[in-house]
Amino acid sequence: AGPFDAERGRYPVMLDSTHEAIRVKPDNLRAVLEVEEEADELGEEVDYSAMSIDELNEELLECARAGEADEAQHLLLAKASVDYADGGGNTALHRASANGHASLVELLATAGARQLPNESANLPLHWAVQQGQLAVVHKLLLLYPDVDVLAKNSFGKSICTEAFARGDVAILEAVLKHDSARQLETDGGAHADEAIDAEVTHSFLFAPALEAVALREVAGVAASDSPEVVLGASASEDKTGLQLWAAALVLSHWLLDARAELASRSVIELGAGCGLCGIVAAKLCGAKDVLLTDLAEHTICNMHHNVEINGLSAGGCRVSVLDWDDPSTWPPPAEVLIGSDLVYAAEAVPQLLRVVSTLMQTSGSFFYVAPETNRQGEAEFLEGLVAAGFAREAHEVPQSYLMNVLADRTDEEFRILFSELSQRTYTLFRFSRGAPVTAT
C-alpha cells in the first residue's frame with residue numbers, strides 16, 4: 001500500500017495477483033492486512049462536494065470493484081453518473097457484477113444503471129457468468145428481465161455459451177431458464193435441438209521471439225439440453241474439452257521453460273482438450289513426435305482443426321482417440337507425457353494411473369499441472385503415482401505464468417477469460433522413475 005490519500009479517503013494498493021492498481025478504504029485495508037490503527041489516524045472523511053464530476057465517476061468505479069455500497073450511495077447522491085464507463089467501456093455495474101457484489105448490483109440497478117456492452121461487447125451479465133458469481137447472475141436476471149442471454153460478445157460467445165464454458169450447473173440452469181433462451185425453440189419446439197454454437201480463435205504469444213499459437217474454442221449448447229447433459233453424462237459425451245482451461249496455459253509456460261527436455265523427444269498429451277499444450281510442444285519446443293489424445297468425437301475434431309491452423313498437419317503432431325478404459329486404444333509409450341487438470345472423479349483414478357504407468361517410457365517424464373481443489377480423486381492420483389514407484393517433484397507456479405499472453409486482448413479481458421488463474425493455486429508436478437528431487 002502507498003501513502004494515505006486524505007482527499008479520497010483511501011490507500012493506493014497494487015494487487016499481487018493481477019498487478020492492478022486500485023484504491024482501498026482504510027477499513028477494508030485494515031481487514032486485509034489485520035492492522036489495528038486508530039480511526040483518527042486514517043484521515044478525514046471525503047468531501048464529495050469538493051470533487052469534480054470526473055473524480056466522482058472514477059470513485060464510483062473503484063467502489064463498485066471493492067463492493068463499497070455505502071460509499072457508492074454517497075457518490076450517486078453527489079451526482080456521479082451511474083453509467084460512467086472506463087476506457088474499456090466497463091461500468092460500475094460491470095465491476096460489481098464481476099466481483100460478486102450482489103447488494104451493490106441492486107443499488108446500481110435501482111439508481112438506473114443499464115446493462116451496457118463494453119468494448120468487447122460483454123454485458124455485466126457476461127462478466128458475472130464468466131466469474132462464476134451465481135448470486136449476481138440471479139440478481140441481474142431478476143432486475144433486468146429484458147436482457148438477452150443469446151447476445152454475443154466480440155469473442156462470439158453468448159451468455160449461454162459462457163455459462164456452459166464455466167461448467168457450473170446452477171449458473172447454466174439459471175441462464176437457460178430465462179425467457180430469452182426460449183428464442184431457440186421455434187415452430188412450437190420443432191427446433192428444440194438447435195444449438196447455441198459459438199467459436200473463437202485465440203492467438204497466444206508466449207514471448208515476443210516466439211511464433212504465435214492459434215487455438216479455436218468451440219461451444220455447443222442445445223436449448224433442450226439439461227445442465228447435466230451439457231456437462232456430459234459420460235466421458236465420451238463430455239463437452240468441456242471444447243473449452244480452453246487455465247491449467248493448460250500454466251502447463252504451456254512450463255513446457256516452454258523445459259523445452260530443452262522436450263526437443264527431439266516423443267510426447268503424448270493426455271486429456272488434451274483443445275490441444276494447446278501438445279501444439280506448444282510441437283511448434284515451439286521442438287518435440288519430434290507429438291500425439292494429442294482425448295475421447296469425445298467433437299473434441300477430437302476440434303483438435304484436428306487446431307493442428308491444421310498451426311501448420312502441423314503435415315507431420316510431427318497427430319491426434320488420436322484414447323479411452324482410458326480400453327487398452328486397445330492406447331498408443332506405444334512416449335518419452336514425455338503431459339497433462340493438466342485431468343482428474344474430475346475418484347472412479348477414474350485407477351484407470352488413469354494405469355495409463356500413465358503404461359504410456360511413459362522407463363526413462364521418461366510426466367509433466368502435470370494440478371489445481372488446488374477439493375475435487376475427489378486428485379490427491380489419490382498424485383499419491384497413487386508415488387505408490388506406483390514414481391519419483392515426484394513439486395514446484396510453485398512462477399508469477400510470469402499468470403500474465404496475459406493473448407496477442408490482441410487487454411489484461412482485463414485476459415483476466416476475465418481465464419479467471420481461474422487468479423482464483424486457484426496451481427502446482428507443477430514432475431514424475432519420473434528415477435530418484436526423487438527435493439520440492440521447491
Side-chain angles (χ1 to χ4, degrees), residues 235 241 247-248 250-273 275-295 299-300 303 307 312-343 348-370 377-378 380-395 427-440:
V250 175
L251 178 56
S252 295
H253 280 286
W254 189 19
L255 296 178
L256 285 167
D257 280 349
R259 71 187 79 173
E261 300 181 55
L262 275 68
S264 301
R265 294 190 176 182
S266 57
V267 177
I268 295 175
E269 182 177 6
L270 303 176
L276 175 65
C277 304
I279 290 171
V280 166
K283 188 173 184 177
L284 304 181
C285 298
K288 69 174 182 181
D289 181 22
V290 177
L291 182 64
L292 312 180
T293 69
D294 217 304
L295 180 57
T299 302
I300 295 294
M303 276 197 288
V307 168
L312 299 172
S313 54
C317 189
R318 298 172 293 121
V319 176
S320 179
V321 170
L322 195 162
D323 185 343
W324 298 350
D325 291 322
D326 183 2
S328 69
T329 67
W330 298 2
E335 294 167 283
V336 178
L337 295 187
I338 60 176
S340 60
D341 201 5
L342 292 176
V343 181
V349 170
Q351 300 96 306
L352 182 54
L353 288 172
R354 286 195 294 271
V355 167
V356 173
S357 295
T358 303
L359 298 190
M360 193 178 86
Q361 292 183 10
T362 303
S363 59
S365 298
F366 175 34
F367 292 82
Y368 181 60
V369 171
E378 187 71 68
E380 290 84 349
F381 174 56
L382 297 173
E383 294 304 321
L385 287 170
V386 174
F390 288 88
R392 177 174 65 188
E393 305 173 36
H395 304 275
T427 302
L428 313 178
F429 289 101
R430 178 174 173 172
F431 293 91
S432 63
R433 289 193 170 98
V437 180
T438 304
T440 61

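Numbers here simply count residues along the sequence, with the first being 1. Note that this is a predicted model, so its numbers are computed, not measured.
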Can you tell if the side chain of [X] reaches within under 4.5 Å of the side chain of [Y], non-hydrogen atoms only?
X      : Y      : value
Val267 : Leu255 : no
Phe431 : Met360 : no
Val369 : Leu428 : yes
Phe366 : Phe390 : no
Arg265 : Gln361 : no
Leu292 : Ile279 : yes

Identify the heavy atoms of [X] and [Y] that sit nearest to each other, and give their distance.
X      : Y      : value
Pro333 : Thr358 : CG-O, 3.4 Å
Ser264 : Lys288 : O-CD, 3.1 Å
Leu342 : Gly271 : CD2-CA, 3.9 Å
Leu262 : Ala281 : CD2-CB, 3.8 Å
Leu312 : Ala282 : CD1-CB, 4.0 Å
Gly273 : Asp294 : N-OD2, 2.9 Å

So, using side-chain contact (heavy atoms from CB on, under 4.5 Å) as the criterion, who are the partners of [X] when residues are at least two apart?
X      : answer
Pro331 : Ile268, Leu291, Leu322, Leu359
Leu284 : Phe206, Leu210, Glu211, Val213, Leu256, Val280
Thr427 : Ala394, Phe429

Can you tell me how far the [atom1] atom of [X] sits from the [atom2] atom of [Y], to the nearest 0.5 Å?
X      : Y      : atom1 : atom2 : answer
Glu393 : Ser432 : CD    : OG    : 6.5 Å
Cys285 : Asp257 : SG    : CG    : 9.0 Å
Leu295 : Trp324 : CG    : CH2   : 9.5 Å
Leu337 : Ser357 : CG    : OG    : 9.5 Å
Leu276 : Ser252 : CG    : OG    : 3.5 Å

[Y] backbone acceptor or donor facing [X] side chain under 3.5 Å:
X      : Y      : answer
Tyr368 : Leu382 : no
Arg392 : Leu385 : no
Thr293 : Glu269 : yes

Problem - Residues forming a salt bridge (charged side-chain N to carboxylate O under 4.0 Å, His left out) with Asp289, sequence neighbours excluded - result: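 Residues passing salt bridge (charged side-chain N to carboxylate O under 4.0 Å, His left out) with Asp289: Arg318.
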Problem - Those residues that, when tested against Glu380, pass salt bridge (charged side-chain N to carboxylate O under 4.0 Å, His left out) (two or more places apart) - result: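 Once residues adjacent in sequence are excluded, Glu380 has no partner under the salt bridge (charged side-chain N to carboxylate O under 4.0 Å, His left out) criterion.
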Practice task
Kindly state each residue pair satisfying side chain to side chain donor-acceptor pair (under 3.5 Å) with at least one member in residues 326-336, sequence neighbours excluded.
Solution key: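 Qualifying pairs, neighbours excluded: Ser266-Glu335, Asp326-Ser328.
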Handout entry: Derivation of the side chain to side chain contact (heavy atoms under 4.5 Å, CB included) call for Ser320 and Met303
Key = CA-CA 9 Å; Ser320 179; Met303 276 197 288; over 6 Å; no
